[in-house]
Amino acid sequence: MRLSYHISGAHVLQPHGDYGIMAHMKILVVGSGGREHAITWRLAQDETKHELYCAPGNAGTAALATNLAIGAEDVAGIAAWAGENRPDLVVVGPEAPLCKGLVDVLSDMGVKAFGPCAAGARMEGSKRFAKEVMNAAGVPTGKAQTFTDADAAKAALPAYGLPVVIKADGLAAGKGVVVAETTAQAEAAIEDMLVASKFGAAGAEVLVEEFLDGEECSILALVDGENAVLLPGSQDHKRAFDGDKGPNTGGMGAYSPAPVVTPAMMPGIKEKIILPVVRELKKRGIEYRGVLYAGLMVTPPGGKTALSGSSINVVEFNARFGDPETEVVLPRLAGNFAKILMSCAEGRLEEADVVVKDEMAATVIVASGGYPGSYAKGKTITGLADAAGVPGAIVFHCGTKAQDGQIVTAGGRVLSVTGLGPDLRTAVDTAYAAAGKISFDGAFRRSDIAHRAFDRR
Ligand code: AMP
Ligand code: GLY
């Protein structure tokens with residue numbers, strides 16, 4: 001496989017090898033967010049025109065694909081559609097259907113799918129399992145212990161110092177992690193999860209984990225069971241408000257590349273983090289195919305490194321593309337995207353040609369007032385066409401739907417407005433110029449996307 005960086009702004013590069021003779025494909029994208037719109041959009045950029053479907057999709061994907069009235073977690077519904085329609089490939093966006101075994105069901109039917117089997121998706125679905133795999137593979141990560149008993153968990157706290165991190169083992173919609181500044185906060189988090197069952201079964205086991213100091217970044221690796229190609233790094237903005245204040249969200253914006261992870265660090269991340277995990281899973285009988293997303297903490301020189309002694313540590317793994325990372329990473333990829341995803345699904349990534357354009361990208365999320373708490377839906381969105389008309393801008397829909405000839409809000413994160421440019425400043429300015437044309441009642445967004453990259457200078 002090749003990962004090359006191309007000095008060109010061209011959207012479609014010359015195909016290499018057998019890329020040019022690819023027939024068009026029938027592809028189903030599962031999911032309804034900005035990530036799935038970006039995946040669908042990138043597939044639609046391929047030189048070979050594909051027949052695209054989304055389950056269920058949103059108002060943005062409707063312009064590129066046929067939206068199906070099947071929910072992303074409706075494994076039986078998706079399988080039934082795939083059985084009748086025999087797509088060439090199913091690309092699974094979110095973690096829930098992966099953890100529910102959608103890829104296993106499709107594989108049994110002989111339908112090719114991009115995404116790990118349920119056993120592989122446990123890298124995201126169970127933080128205890130992910131730690132176990134990382135420890136067995138010698139992958140640097142925060143030291144942690146797992147508990148089902150609250151008193152035992154509390155008794156372990158002094159060994160970790162402060163701050164300390166308390167995590168629910170299972171999927172908790174991004175809310176199962178508490179970075180506790182005091183012992184009282186840590187004990188309250190343990191009580192919430194193990195005694196009050198705040199996260200149900202997801203919190204029936206908790207991890208007490210070492211706090212890692214530094215700056216986070218996201219590495220999306222394409223994995224075919226054996227080989228891996230790392231896509232360019234990106235950085236997400238998890239807090240709701242400027243200056244990284246306010247509650248945690250699914251992500252309020254992102255940019256790529258992120259200077260915290262330099263090109264010189266990429267081979268080490270591949271050899272010491274991604275591939276050891278892939279091999280350890282294989283040893284356990286799990287062929288991991290799809291995206292292995294490593295959330296990394298990079299400790300700056302002179303900072304306090306983890307107990308592992310490493311300055312790059314894994315905070316978490318996800319079993320899918322990140323959202324909104326996808327909205328900045330995919331627009332930077334050249335080549336035939338369908339072919340790349342298919343190579344991954346078929347375990348022959350060595351034939352894939354992943355080319356990264358030298359354009360940089362930034363995306364800003366336009367959210368509904370109140371998000372990540374409760375918010376209103378059904379607000380009319382205006383200015384979408386004007387925004388899309390800004391040169392270098394792409395408007396991805398996250399939570400939208402068409403209603404009475406208008407496009408209305410249908411989620412907390414409503415739009416992900418991406419800007420591309422020869423440098424990060426231009427990319428950010430383009431994203432904001434486009435986002436500024438969009439309005440709906442209660443809309444809000446952060447105004448400081450990529451501040452960490454600019455602060456470094
Ligand atoms: P996760 O759900 O594992 O992605 O955790 C959510 C967020 O909590 C991460 O993006 C980090 O910002 C923070 N976090 C998780 N684990 C740690 C850790 N060991 N040290 C510092 N921050 C952490
Ligand atoms: N943006 C964080 C995630 O996708 O998990």
A.B. asks: Do we see a donor-acceptor contact under 3.5 Å between the side chains of E325 and S218?
C.D. replies: yes

A.B. asks: Under the criterion side chain to side chain contact (heavy atoms under 4.5 Å, CB included), I'd like the reasoning laid out for N336 against E47: C-alpha separation, chi angles, the key distance, then a yes or no.
C.D. replies: CA-CA 7 Å; N336 190 316; E47 227 170 342; 5.8 Å; no

A.B. asks: Is there a side-chain contact between Y375 and V414, using heavy atoms and a 4.5 Å cut-off?
C.D. replies: no

A.B. asks: Could you check if a side-chain atom of M360 sits within less than 4.5 angstrom of a side-chain atom of Y255, using non-hydrogen atoms only?
C.D. replies: no

A.B. asks: What distance separates I70 CD1 from L28 CG, expressed to the nearest 0.5 Å?
C.D. replies: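 Those atoms lie 7.5 Å apart.
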
A.B. asks: Using 0.5 Å steps for rounding, measure from the CG atom of L341 to the CE atom of M25.
C.D. replies: 8.0 Å

A.B. asks: Does any non-hydrogen side-chain atom of L420 lie less than 4.5 Å from one of K357?
C.D. replies: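 No. Closest side-chain heavy atoms not under 4.5 Å.
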
A.B. asks: One pair to check against side chain to side chain contact (heavy atoms under 4.5 Å, CB included): D88 and M342. What are the steps and the verdict?
C.D. replies: CA-CA 9 Å; D88 298 295; M342 185 64 113; 4.2 Å; yes

A.B. asks: Is it the case that more than 12 heavy atoms not belonging to K283 sit under 6.0 Å from its NZ atom?
C.D. replies: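 Count not over threshold, so no.
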
A.B. asks: Please test L231 against F321 for side chain to side chain contact (heavy atoms under 4.5 Å, CB included), starting from the C-alpha separation and ending with a verdict.
C.D. replies: CA-CA 11 Å; L231 300 182; F321 283 112; 4.2 Å; yes

A.B. asks: Quick one: does V428's side chain get under 4.5 Å of F454's, heavy atoms only?
C.D. replies: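 Result yes, sub-4.5 Å side-chain heavy-atom pair found.
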
A.B. asks: Taking side chain as C-beta onward, heavy atoms only, is N318 less than 4.5 Å from E95?
C.D. replies: no

A.B. asks: Please confirm whether the backbone N or O of A121 pairs with a side-chain atom of E124, one donor and one acceptor, at under 3.5 Å?
C.D. replies: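 Not a single qualifying donor-acceptor pair exists.
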
A.B. asks: Starting at CG of L43, measure out to CD1 of I27 and round the result to the nearest 0.5 Å.
C.D. replies: 4.5 Å

A.B. asks: Do K127 and E209 meet the salt-bridge criterion of a basic N to acidic O distance under 4.0 Å?
C.D. replies: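 Looking at E209 and K127, the cut-off is not met.
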
A.B. asks: Can you spot which of I407, T409, L384, I365 makes a side chain to side chain contact (heavy atoms under 4.5 Å, CB included) with L415?
C.D. replies: L384

A.B. asks: Hydrogens and angles aside, do K131 and T141 bring a side-chain donor and acceptor to less than 3.5 Å of each other?
C.D. replies: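 On atom types as modelled, these side chains qualify, holding a pair under 3.5 Å.
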
A.B. asks: Just by modelled atom types, is the E73 backbone N or O under 3.5 Å from a matching donor or acceptor in the K100 side chain?
C.D. replies: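 Judged by distance alone, yes, a pair lies under 3.5 Å.
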
A.B. asks: Flag this pair as yes if the NZ/CZ of R122 is under 6.0 angstrom from the six-membered ring centre of F129 and inside a 45 degree cone about the axis; otherwise no.
C.D. replies: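 Yes.
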
A.B. asks: Can you list the residues that meet the side chain to side chain donor-acceptor pair (under 3.5 Å) rule with H37, with sequence neighbours excluded?
C.D. replies: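 Residues passing side chain to side chain donor-acceptor pair (under 3.5 Å) with H37: none at all.
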
A.B. asks: Are the side chains of D46 and K49 in contact, using a 4.5 Å heavy-atom criterion?
C.D. replies: no

A.B. asks: Side chains of T146 and D169: donor-acceptor distance under 3.5 Å anywhere?
C.D. replies: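 Judged by distance alone, the side chains do not pair up.
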
A.B. asks: CZ/R86 to NZ/K112 distance, rounded to the nearest 0.5 angstrom?
C.D. replies: 10.5 Å

A.B. asks: Working note: M266 + V261, criterion side chain to side chain contact (heavy atoms under 4.5 Å, CB included); need CA distance, chi angles, decisive distance, verdict.
C.D. replies: CA-CA 8 Å; M266 297 298 261; V261 45; 3.7 Å; yes

A.B. asks: One thing to verify: whether E287 and K282 come together as a salt bridge, which I'm taking to mean a side-chain N less than 4.0 angstrom from a carboxylate O.
C.D. replies: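 Judged by the 4.0 Å cut-off on N to carboxylate O distance, K282 and E287 do form a salt bridge.
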
A.B. asks: Less than 4.5 Å apart, side chain to side chain, heavy atoms only: is that true for P140 and I273?
C.D. replies: yes

A.B. asks: Side chains of M252 and F241: closer than 4.5 Å at any heavy-atom pair?
C.D. replies: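 No, their side chains stay 4.5 Å or more apart.
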
A.B. asks: Kindly give the heavy-atom pair with the smallest separation between A72 and P56, and that separation in Å.
C.D. replies: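 For A72 versus P56, the nearest heavy atoms are N-CD, 3.8 Å.
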
A.B. asks: Do T326 and D323 have side-chain N/O donor and acceptor atoms under 3.5 Å apart?
C.D. replies: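 Their side chains do not contain a donor-acceptor pair, so the 3.5 Å distance test is not met.
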
A.B. asks: If only side-chain N and O atoms count, and only distance matters, is there a donor-acceptor pair under 3.5 Å linking D224 with S343?
C.D. replies: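 Looking only at side-chain atoms, D224 and S343 do not form any donor-acceptor pair under 3.5 Å.
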
A.B. asks: Would you give the length of the straight line joining atom CD of Q235 to atom CD of E215, rounded to the nearest 0.5 angstrom?
C.D. replies: 4.5 Å

A.B. asks: Is the positively charged end of R413 above the ring of Y371, judged by distance under 6.0 angstrom from the centroid and angle within 45° of the axis?
C.D. replies: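 So R413 doesn't make the cation-pi contact.
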
A.B. asks: Can a donor-acceptor pair be found, under 3.5 Å and without considering hydrogens, that links the side chain of D244 to the backbone of R239?
C.D. replies: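 No.
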
